[in-house]
Structures are given as structure tokens and as C-alpha cells.
Amino acid sequence: MTGNEFQEDTPSLGDRLAAEALIVDLGAYEGPLDLLLTMSRTQKVDLRQISILDLARQYLAFVEQAKALRLELAADYLVMAAWLAFLKSRLLLPPDPSEAGPSGEELAAHLAFQLERLQAMREAAAQLMARDQLGRDFFARGMTSDVSRVRRITYTATLLDLMQGYARVRTHDDFRPFVLDRDAVMTMEQALERMRGLIGFAGDWTDLTSYLPEGWEIDPARRRSSTAATFAASLELAKEGHIDIRQSDTFAPIEIRRKSRPDA
Amino acid sequence: MPDTPEKSLFEAPPMAEQERMVEAILFATADPVPLSGLIDRMPHGCDPAEALALLRRRYEGRGVRLVKVGDAWTFRTAPDLGFLMQKETIETRKLSRAAIETLAIVAYHQPVTRAEIEEIRGVSVSRGTVDQLIELEWIRLGRRKMTPGRPVTFVVTQTFLDHFGLESARDLPGLKELRAAGLLDSRPPPGAAPLAGEEPDEEDADQSDMFGD
Amino acid sequence: MPDTPEKSLFEAPPMAEQERMVEAILFATADPVPLSGLIDRMPHGCDPAEALALLRRRYEGRGVRLVKVGDAWTFRTAPDLGFLMQKETIETRKLSRAAIETLAIVAYHQPVTRAEIEEIRGVSVSRGTVDQLIELEWIRLGRRKMTPGRPVTFVVTQTFLDHFGLESARDLPGLKELRAAGLLDSRPPPGAAPLAGEEPDEEDADQSDMFGD
């Protein structure tokens, strides 16, 4: 008990080693509260009887050491350090009645509560994970297609699908890299639809350009787009086996004709 | 069987225990289990054949029976109760992207007209999509809108809420919350920054309006 | 219930028969079946609740057990026989410490907001953590909180209860002790008084709802 005062000022070898270990393992802590909880264990008392003042000193010493070692501390750690320094001064100085706000004791009590609660949640989590678990300790029915009589299709989607779907539609406007809102654009689908209706009438080889929609051959932009679309559509039709394509020479007109089917 | 010559170092579990073991294994395994499979999995010295015989007798006349399929064993529901099983073979399929997006828009914007859905999605909504959602009982017709043409609106149903584990459509997170949860990865382009700043608020305002509280 | 006024035209099957029916239905399904599901599927006039009680007793100490999960029922193998089932074990994704703690906080503090989770853990909840728990279907969205901003809340699901062999959230280990110790109160930091005035009451109301006591 008497050694307590002494220890606070000159930490024992063990304390120093512990602090160094803390610094080395900083990455293992999930934020300042986690670190404080770990430090509080060295006091080896019930969390409700813990000395917040000691804890604040320990934490501040830790931050000082980390700074001396030029370790980068996340902002969280520095914010906590500033707050604990403030708390420490409030705890040490006699209360100033003119000062508004909660007393040092109230703040300290809340921090103790937070530590106790975090510790309790950790223990609860451990207890939870130690329970018998489905698929590990106990098992569900392995065979579920016991009877196959009525086959009904149900569609399913998860909440995550729904939320992601909504996020997708609500953000696609922001990200459309460019927009094909021009009227001088013909899509391959349009060309394909148009050609499907026309090829039935074309018995012999016909120049591809004669398939361009009326009025589209004059304006250069429209001609370019419709030619490309019609050409792509003719390739698609050839692939499907509806037409033959030929080109007699480089840059010569591309000609197409309906394929005569053996079964037709 | 203490009198067998090759008595193992460890006593085999009592027969009642072996019966429990066989019961659990057959219950949890997807395919019928051959006797050799039981022997492999049970502790040394067990006699699954006897346990099976006992188990079979235990389940006689029950709702499920222990049956032999080829040389393997499995539980089957009693044939006379087959009529109860009719709902068992349900084939589930994932909902299409178009349907999910349409559903999401109805959920977030209800009551919403077809034209509004198309406006938000940026593509026309096929008839089949809406029909499918209605058939699933996830959306239904709401009140007509008091705008020219008095278009019908769509709203989500109780079945929808049940399926997605929601207490009400109001509990769906807004854009801001989706973003915070990391569900909204995409960031608006730099140019659109001022708009993006306002958007979430507006969204929230929309939503509380929408659900009229 | 032969003395009910609206007695059906057909006599309900005898209780032993109803027990067989419940047994067959539950045996055939991997997922828990709610009482309402049993009522839907069984002939008119049946009382599955009583049949369930009988059935539960019948399977006591067997290799499989009848367990209650939320308001649904299912068969599960006895936990002491897990060692036999190793072949069936599906490798589950290892949960991070953050995910496990977040899960515990949702379970013990539900309905809980993201801000409250962060307050308890002292760090921000990383993207993906909540995601992962939703994807596992262990947590879902609850009712929005009636506090400024009306934040969304999270609650645990039936799948969670099933996975950890809990009949209800009330059966969470140590729940009573934690509550008695005041560790489940949402106690605002001193100085945050104006907001705190309303919140704790409502919180308590919500929570006793959730745990239904």
C-alpha cells in the first residue's frame, strides 16, 4: 500500500517492460478504449474499484513514450490522451464551483463504466462463441428433399441484394461516364430489328448501304452510326445463319443476301 | 460384450448410447449411410448393426421410419404422411437484377408509379418484372395518384416485410446510411461534389415525407 | 378442442397421429418451422402446440432433440454427439474479433444503433463488419430509433438463435447478471444531458419489448 505512491513516479521494471510491450503491439489494439482496458488489467482489481487517475497517468506515459520512439499514433489515441490529461487535471485540482459541466468524478465514473461495459461485452462474446454451435456441435437434418411431389419455384433475394440494388440505381446517374443521348445514333439492336424485316425481300446480293434507314445516309454522323450498326447487325445475322456476306475487294461494297436454307 | 476374445482396450459404449449415435449420424447425413460408414465413424468396438435393429424398432409406427436403401440406411418420413410434405420441394431462384432494382425502388419510394420507377432506373420496366413481383406478393397496387391520368401506384406488402425481416419499410437505411455501411462504394465524381453534399439530406427528407409521419 | 362452438365438420386426428405429423414435417426440413407453418400444413382442427410438447418429451435424451428457436421448431442432433459428425462440418468463415464483439453487442443491447455499437467498442465499426453479420443472417435491421436522426437499429435474427442453440434472446448467457449490473444501460457520457433526458426511458421500453419480459 505504501509502495503505491512510490510506484507511480518511478515505474518498476515490470511496468516499463509492460509499457514497451504495449507499444510494440499497438496494432493489436482496437482503439484507445481497448488499450485502456488492457492497461487496467495491470491494476489487478475489480473494474469498479479501478483508479482512473492511475490509468490516465499510465496512458499518458504510454503516449509520451510512443512519441519519444517516434511511433505514429492514430488520431484517436491523441484525442484520448488530450481528454485524459483534462480529466487528470480535474481530478487533481479542487473543484471550481464557478466552472460549468460535469465534475472530474463524474467523468471518471463514466470512463470506468465504459471499461467495465466493454469488458462485459468481451466476456459475453466469448461465452457466446463457446456455446454449442449449429454445424459444429449440433447438426441440422442432412437430407431435406424427402418427398418430391409438388415442385414450386420461389424467387428469393436478400436484404443486402435489395439495398445494394437501390444503391446501384441511385448512384448510376453520378457515374455514367458518357451519355448516348444523341439522336444521331443507331444501335445494333435497332439495325437488327430493321434488317430482320427486310432480308426476307432481298433474294439476290444487295449492297449493305441500301439497308440504311431513309434519311440517315445524308447526315455524316447519322450515316456513320447507321452504317456501323447495320454492318454489326449483318454479322450477327450471318452468325445466326440467316444471310451470306461477301466483299469482292478491299473497300469494295459489302453485299449480303438471304441464305437459301436446304429445309426452306 | 466382455467375453469377446479381441476385447478392445476401451469398453464400447452401451447399446443405448450406440443407438443415439446411429440416430444422430443418420439424421445429419445427406445420403443414406452404409453399415461400413457407421462402423468407421463410431467409436471402436461398436456394433451398429444391432443399434440399427433397435432403432428401427423404436421408430416403428412413428412419423419417420428407418429404412434400408440398397445396403445403406436412412430416415424417411412415413409414406402415409406424404400428403403433408407437398410443400417440401421448393425450388428457389435468385431474383433478377431488374426485379431487385424495381423492388428496391418501390420499397424506398412507395407509393410510386411505373413512370417514376422508369425515371429512377433510367430504363423501361418490363411488364414481366412487375407481374413477377406482384405474383410473389412483394408489391401490390396502391392508391391512384392525383396527377393527370391518375396513374396506379405500387407499394410493398406485409409479405415483403416478412421476407426481408423488416418491421416496416421505414426501417430501410437511407442513402447516407448505405454509404456509411459500405454498401455504397461508388463515390460521386469530383465535379458533382456540391450536389452530393446535399443529396443524402434530401434523401432523408424524401423518405420521412414518403412514409408520412 | 371438441367443446369449441365452431367445431369442424371433420374430427381432428387423434393426438398420437398429430404427433406423428409434426414429427414427419419437422424431420423433413432443415430450417425451423414456425407454429403457424405447422397449423397451415396439418389438417383442420389440429393442435400442434400440444403435439410439440409431447414430441419434445419423447425425444429427450435421444440422439436428436426437438428444439425451439424463436417461435419455430426443429430437430437438431444432440450436442454431445458432435464428435461423430466431423465429416459433415462445413468450414465456416472465421469471424474477426470486431465481428464477434459487434455481434455480442447487438445481441445483448438490441435494438442498437451503429453509433451505440461504436460508443461501446470505442472504435468505429468498420465497413464490412455489419455487412458480414447481415450476410450470415445473424443480424437484421430493426425499428428505427425515435431519437433525432431516427437512426436504423440492428437486432439479432432467428438464424442467430438457431446457430447458437438459443430458444430466445432472453436465454443469452449472463443476460440477467449484466442487466442487474447496469451494464446494458445506454448511459450517455456526463455533459450530454439534453439528449439523454428522453433516450434511456425509451431505450428501456424498447428493450423489454425485445426480450419480452
Side-chain angles (χ1 to χ4, degrees), chain A residues 28-37 47-48 74 76 80 83 100-111 113-147 158-164, chain C residues 24 26-31 64-65 67 74-82 85 88-90 92 95 97-98 100-105 107-109 119-124 131 134-135 137 140-141 159 162-166 172-175 178 181-185 187-191 193:
Chain A
Y29 296 106
E30 289 200 73
L33 204 57
D34 187 15
L35 175 59
L36 277 168
L37 187 57
L47 275 172
R48 266 163 288 190
D76 290 0
M80 180 61 92
W83 187 80
S103 71
E105 273 71 30
E106 282 169 341
L107 294 172
H110 187 70
L111 180 58
F113 167 72
Q114 279 181 296
L115 291 174
E116 202 192 338
R117 185 174 57 179
L118 180 59
Q119 178 60 28
M121 281 299 110
R122 294 247 156 106
E123 279 158 15
Q127 274 185 295
L128 193 62
M129 297 315 279
R131 286 185 70 86
D132 291 330
Q133 293 182 39
L134 179 64
R136 192 189 76 182
D137 307 295
F138 63 96
F139 295 82
R141 178 75 170 126
M143 182 189 312
T144 52
S145 53
D146 231 7
V147 186
T158 66
L159 186 62
L160 212 56
D161 294 334
L162 191 76
M163 295 189 298
Q164 280 166 341
Chain C
L26 295 186
F27 227 84
T29 357
D31 295 323
V64 295
R65 308 179 307 162
V67 296
T74 186
F75 279 112
R76 295 289 182 243
T77 62
D80 66 308
L81 298 176
M85 240 57 76
E88 300 307 310
T89 309
I90 309 156
T92 45
L95 280 181
R97 191 175 119 186
I100 292 171
E101 283 183 21
T102 303
L103 178 66
I105 291 169
Y108 284 84
H109 289 262
E119 151 88 16
I120 293 169
R121 295 198 63 231
V123 279
S124 59
D131 237 27
I134 291 181
E135 209 169 324
E137 292 181 47
R140 64 175 179 84
L141 294 171
T159 311
D162 190 14
H163 187 93
F164 291 98
L166 294 162
L172 283 165
L175 182 73
L178 288 172
L183 290 171
L184 300 183
D185 304 345
R187 201 182 293 175

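Across every non-hydrogen atom of A/E30 and C/A98, the tightest pair is OE1-CB, 3.7 Å. The nearest pair of heavy atoms linking A/G31 to C/V123 is CA-CG1, 3.4 Å. Shortest non-hydrogen contact noted between C/G122 and A/L33 is CA-CD2, 3.8 Å. Contact between C/L166 and A/L128 at its shortest, heavy atoms only, is CD1-CD1, 4.4 Å. The shortest heavy-atom contact between C/T77 and A/F139 is OG1-N, 2.7 Å. Nearest approach of A/R131 to C/G165, heavy atoms of both residues: NH2-O, 3.2 Å.
With sequence neighbours left out, C/F75 forms a ring-ring contact (aromatic ring centres under 6.0 Å, His included) with C/F27, C/Y59.
Note that CE of A/M121 is 3.5 Å distant from NE2 of C/H109, once rounded to the nearest 0.5 Å. If you take CD on A/Q127 and CG on C/L172, they are separated by 10.0 Å, rounding to the nearest 0.5 Å. Separation of atoms CG (C/L141) and CE (A/M163) is listed at 5.5 Å; rounding is to 0.5 Å. A distance of 11.0 Å separates CG in C/L81 from CG in A/D137, rounded to the nearest 0.5 Å. Between atom CG of residue C/L103 and atom CE of residue A/M129 there is a gap of 7.0 Å, rounded to the nearest 0.5 Å.
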Inset, instruction - Please step through side chain to side chain contact (heavy atoms under 4.5 Å, CB included) for the pair A/D34 and C/E101, ending with a clear verdict. - result: CA-CA 12 Å; A/D34 187 15; C/E101 283 183 21; over 6 Å; no
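In summary, C/R76 and A/D132 do not engage in a salt bridge, as defined by a charged side-chain N under 4.0 Å from a carboxylate O.
The most heavy-atom pairs under 4.5 Å with chain C, out of A/L118, A/L111, A/L36, A/D76, come from A/L118. Put simply, of A/R122, A/E106, A/Q114, the one with the most heavy-atom pairs under 4.5 Å next to chain C is A/R122. Counting heavy-atom pairs closer than 4.5 Å to chain A, the top residue among C/D80, C/T74, C/L178, C/I100 is C/I100. Comparing C/P79, C/G174, C/A78, C/A104 by heavy-atom pairs within less than 4.5 Å of chain A, the highest count is held by C/P79.
Proximity to chain C involves both the backbone and the side chain of A/R117, based on heavy atoms less than 4.5 angstrom apart.
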